Amino acid sequence: MCIRVRNIRSVADGKITIDPTGITALHGPIGAGKSTFLDALVWILYGEVPGGLKQAEMRRTGADKQTCEAEVDFLVNGQTYTAARGLRQRTFKGRVREEAYARWIPPSEDGARKPERQISPSKLTLKITELTGLSGRAYTGALFIAQGQLAALAEGTPAHVQSLFEEQTGLGALSKKVEEAKATARRVAEQATAMPGSREEHDTARDARDTAQEAAAAAQETHTDAARALVERSDALTTAEHEVTRLDEQRRAAERVRIERARADERLTHCRQRVDVITDRIRSEPPVPEAPDILAEQLRVLRGRLDAAEHARSQASDRDHLARRAAARMEEARGHAQQLHDPDTDRHIATASSEMTRYEQQRGALKGEYRRLKRSLDELQTAWDHSHTASCPTCTQPLRNIRALVATLHQQMDRCIANGRTAARKADAATQLHQSLLSSRDKANAAHTAWATARNEAQLARTTAESASRTADEQDARLAALLPDATRPRDLSGIRGHARERVEDLTERLAGAQKVQGLRAELGMAQRELDTARQKADQMERPTALDVDDDLARARAQRDTARAEQERQSTLANEASTGFKVAVERATLLGGAYDKAQAQMRAKADQMHRADVMHHAAEALAELRRTLLAEYTAQVSQAATDVLTQITDRYVRFEIDEEFVPRVHTPEGNVRPTRVLSGGEKATAALAFRLGITSQITQGNANGMIIADEITAAHDADSRQAILACLTELGWPALIVSHGEEITELAPTVINFSQPDERTGTVIAAAA
C-alpha cells in the first residue's frame, strides 16, 4: 500500500509506502502529521473526515489555489487499485468554495491502467464499498484502533466497555433508537394524559346542544308565521299603491291631453306665420334669370383660368429677374478673369524653376566641398596626433607647415559655409516665387472656368425667361377667350383686370341666385311643417273633463292604512327573525362545543392508543437489541478466544458476560477479569478483545490491515512490549502511529516524521 498526500492538514507533500505483510510504523513527535495519513486514508476511500471536521478543512492552511489531493494504491485479491480524492477551489458569486473530485484506476488485463471516466466522489465511495464489502463505519470499526481504546476495553467500567462495544459493532445506533423510542412513548403517554376531554364533558355538551336545537326550531316556526303575515300585509300595501298609481295616472293622462292639444294649436299658428314671412321675402328679391349651378360652374372655370394666368405671369417675372441676375454674375466673372490674366505667367514660372534648380545644385556642390575639406582636416589632425608629421591629403607629400595648411582649410570651410547659406537663401526665395506664380496661374484658371460657367448659366436663364413669357401670353389668351365680346379688351396686357371684374360680377349674381334658391327651399320646408302640424292637430282628441279626485283621496287613505299595518308587521317579523338568529347561533355554538368535546375525546383515545403502540415498539426494539448483544458478545468472545490462544497458552478462553465485564479463563479453570491482570497480560487480552470485534464485524473474513493510532500510549513499558509482540506473533499486517521509541526497535519498517513548519510542512524520511 502507498499513500500520497499534497497539502492535506499539516502535510505539504508526502508519500509513505506500507509493508503489506508486516508492521509499518509512523514515528515522530506529536503534531508531526502522522495521523494525517490515517485521516487521509479514510477520506480517500469513503469521503469521511474524522474528528468532526468539515471536508473543506482538509486543505492545509496557506495552500489556497494549490493542489489539495490524497491518493492510495492498495491490493485486493492480488489486484492493484488506485483511488484518489481532492479539493478544487471555485469562485461563486464572489466567494471561494471547495468542490470535491475523485479518481479511480482499476486493474486491467493488458496492464495499461487508465482512470475511469465520470467518477464522482459518491461513485468512488460506492465502488470501495462494493469492493471491500464494508461501509465506511464498518471499515473504521473493524480495522481502526483509536488511541486509548485498548486500555478502555481492558480496564474500563462495564458501561464504558458496553458503549465502546456497541459503537464498534454498530449497535450504538440501535441502542440510541431504543432509548429514543422509549422516551417518545413516555412523552406521548404524558401528552395523552394531559390532553382535555372526557365522557362527562361529552354528554353535557350533547344535552346542551339538543336543548338549543329545540329552542331554535320553535323560534324558526315563530319567524315563519311572522314572515307569512308580513307578506300578506305587503301584498295589501302593494294593491293599495297600485290603485293610487292607476288613478293618479288617469289624472295625469287627461292633463297631458289638454297640454298637447294646446301645443298643437300653437304650432299650427306658428307654421302659418312662417310661410307668410318667407313668401313676402321671396317677392321682395330681384329676379335672377340664370340657375345657381350654371353661375357656379362659370365662376369656377373663370377663376381657374385667372389663377393660371396670374401664376404664369408671376413665373415669367421671376425667370426674367433670375436671367438679369445671371447676366450680372457673368459680367462680374468676366471682369475678374480679365484682371487675373497674365500672358507672361508661364515664362516667369519657367524662369523661377530654373533659378531654384541652379541654386539647389550650387548648395549641393558647396556641401560636397565642405565635407571634402572637413575630411582632409580630420586626416591631418589624426596624423599629427599620432606622429607629429603629416602628408598632403591630395599628393601624399610630407608637409612642413601644417598649421598654415590647417588655417587655409578652415578659411576654405568658412567660405563654403557662407556661400552655402547664400545659395540656400536664394534657393528658398526662388521656391517661394515659383509657388506664388503657380498659385496665381491656378487662380486665373479658376476665374476663367467660373466665367465660362456663369456664361452658360446666363444663357440658360435667358432661355427659361423667354419660355415663361410665352407661356404667360398663352394663358392670357385663354383667359380672354372666356370673357364676353362686349367686355373683352383689345390689348392682352389688361385682360386679367377685366377677368377679376367679371369674377366679382358672377360672384354677386351667384349669391343672389343662391339666396332665392334657399328661400324657396325654406318655403317648401315650412309648408311641409304646416301640413304636418295641421294633420297632427286634426288627429288629436279633444280634452274631456275627468273627475277622479274623490276616488284618488279614498285610495290614498287606504294606502296609508295598509302601510301602517305593513310597518307594524315588519317590526314583529324583525323581532322574530332576530330571536331565530340568536337561537340558531346558540345552537351552532353549542353544536361546535359538542363537536369539540367529541373530537377531544377521540383525539385523547387515539393518543393513548398511539402511546401504547409506541411502548410495544420500544419493547420490541429493546428485545432485538438484547438478542443482538447476546449474539454479538458470543461471536466476539469466540473470535477473541481464537486470537488469545494463538498468541499465548496462559489462557484458554476469553469471555464477555451479560454485564460486559471482560474475563479470561486459565487452563486451571480460574476466571479472572481483565482489569486485575498485570500490564502485559491486560494489554494482550485487550488486543485479543479488539481483534475479536474486528472478526465479528467482517464475519471472520478480515484480510485488511490493522491501523492503530497511538495504541501504545498511556501504557507502561511491559504493556507496550506485549502489544507489539502480539501483533508480531499474529502476523497481521499493521500500520501503527506512535511517538514512542520502542516502535522503532520492533517494527520492520519505520517512517520517521519531523516537526513541520508553516512554510514547508511535514518532512518524511525512512529509518536508517
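Since we're looking at a predicted model, the values are computed, not measured. Reckoned from all heavy atoms, side chains included, excluding hydrogens, waters and symmetry mates.
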Kindly indicate, with the supporting measurements, whether the criterion side-chain contact (heavy atoms from CB on, under 4.5 Å) is fulfilled by Val5 and Met58. CA-CA 11 Å; Val5 298; Met58 291 294 287; over 6 Å; no

Just do the side-chain contact (heavy atoms from CB on, under 4.5 Å) check on Leu409 and Gln412 with the steps written out, would you? CA-CA 5 Å; Leu409 291 176; Gln412 293 177 359; 4.0 Å; yes

Going through the checks in order, is the salt bridge (Lys or Arg N to Asp or Glu O under 4.0 Å) test met by Glu98 and Lys54? CA-CA 11 Å; Glu98 296 282 1; Lys54 297 180 181 179; over 6 Å; no

Let's go through Thr471 and Gln315 carefully: what are the C-alpha distance in whole Å and the side-chain angles of both, what is the deciding distance for side-chain contact (heavy atoms from CB on, under 4.5 Å) to 0.1 Å, and is it a yes or a no? CA-CA 9 Å; Thr471 302; Gln315 289 288 325; over 6 Å; no

Test Val737 against Phe37 for side-chain contact (heavy atoms from CB on, under 4.5 Å), laying out the working first. CA-CA 10 Å; Val737 172; Phe37 283 86; over 6 Å; no

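Contact of the Gln66 side chain with the Asp13 side chain is not registered, since no non-hydrogen atoms from C-beta on lie closer than 4.5 Å. Residues Leu735 and Leu26 have side chains in contact (heavy-atom distance under 4.5 Å, counting atoms from C-beta outward). Between Pro107 and Thr80 there is no side-chain heavy-atom pair separated by less than 4.5 Å. At least one side-chain heavy atom of Arg113 sits less than 4.5 Å from a side-chain heavy atom of Thr82. Side-chain contact between Arg334 and Met330 is absent, with no heavy-atom pair separated by less than 4.5 Å.
Atoms CG and OG1, on Leu377 and Thr408 in that order, are 11.0 Å from each other to the nearest 0.5 Å. The CG atom of Asp346 lies 9.5 Å from the CG atom of Leu438; values are rounded to the nearest 0.5 Å. With rounding to the nearest 0.5 Å, the separation of CG in Leu41 from OH in Tyr46 is 9.5 Å. Phe753 CZ to His27 NE2: the interatomic distance, rounded to the nearest 0.5 Å, is 11.5 Å. Lys426 contributes atom NZ, which lies 13.5 Å from atom CZ of Arg363 (distance to the nearest 0.5 angstrom). Considering CD1 of Ile18 and CD1 of Ile736, their distance stands at 11.5 Å, rounded to 0.5 Å.
Just one of Arg103, Arg6, Arg85 meets the salt bridge (charged side-chain N to carboxylate O under 4.0 Å, His left out) condition when paired with Glu69; it is Arg103.
Pairing each heavy atom of Ser10 with each of Thr36, the nearest pair is OG-OG1, 3.8 Å. Considering all non-hydrogen atoms of both residues, Ala423 and Tyr359 come closest at O-CB, 3.8 Å. Considering all non-hydrogen atoms of both residues, Ala83 and Ile44 come closest at O-CG2, 3.5 Å. Heavy atoms only, all atoms of each residue included: Tyr101 and Cys68 are closest at OH-O, 4.0 Å. When all heavy atoms of Ala100 and Gln55 are compared, the pair lying nearest together is CB-NE2, 3.6 Å. Taking each heavy atom of Ala326 and Ala458 in turn, the nearest pair found is CB-CA, 3.6 Å.
Around CZ of Arg358, the count of heavy atoms belonging to other residues, nucleotides or ligands within 6.0 Å exceeds 12. Residue-environment remark: NE2 (His348) exceeds the threshold of 12 foreign heavy atoms within 6.0 Å.
Relative orientation of the Phe74 and Trp104 rings is tilted, given thresholds of 30° and 60° on the angle between their planes.
By the 4.0 Å N-to-carboxylate-O rule, Lys123 lies too far from Glu116 to be salt-bridged with it. Lys374 has a carboxylate O that lies under 4.0 Å from a charged side-chain N of Asp378, or vice versa, which qualifies the two as a salt bridge. At a threshold of 4.0 Å, the pair Glu310-Arg313 does not count as salt-bridged, since none of the basic side-chain nitrogens sits closer than that to a carboxylate oxygen. Salt bridge status for Arg372 with Glu369: present, with a side-chain N to carboxylate O gap under 4.0 Å. Ion pairing between a basic and an acidic side chain is recognised when a charged N comes within 4.0 Å of a carboxylate O; Lys127 and Glu130 show no such pairing.
Judged by distance alone, with hydrogens and angles left aside, the side-chain atoms of Thr463 form a donor-acceptor pair with the main-chain N or O of Gln459 at under 3.5 Å. Side-chain atoms of Thr24 come within 3.5 Å of backbone atoms of Asp19 as a donor-acceptor pair (strictly under, hydrogens ignored). The backbone N or O of Ala350 sits nowhere less than 3.5 Å from a side-chain atom of Ser354 that would complete a donor-acceptor pair. Between the Asp505 side chain and the Glu501 main chain, no donor and acceptor come within less than 3.5 Å of each other. Side chain of Arg305 to backbone of Arg478: a donor-acceptor contact under 3.5 angstrom is found. Between the side chain of Arg59 and the main chain of Ala63, a donor-acceptor pair closer than 3.5 Å is present. Counting only distance, with no hydrogens or angles, the side chain of Arg319 and the backbone of Thr464 share no donor-acceptor pair below 3.5 Å. A donor-acceptor contact shorter than 3.5 Å is absent between the side chain of Ser353 and the backbone of Ile349.
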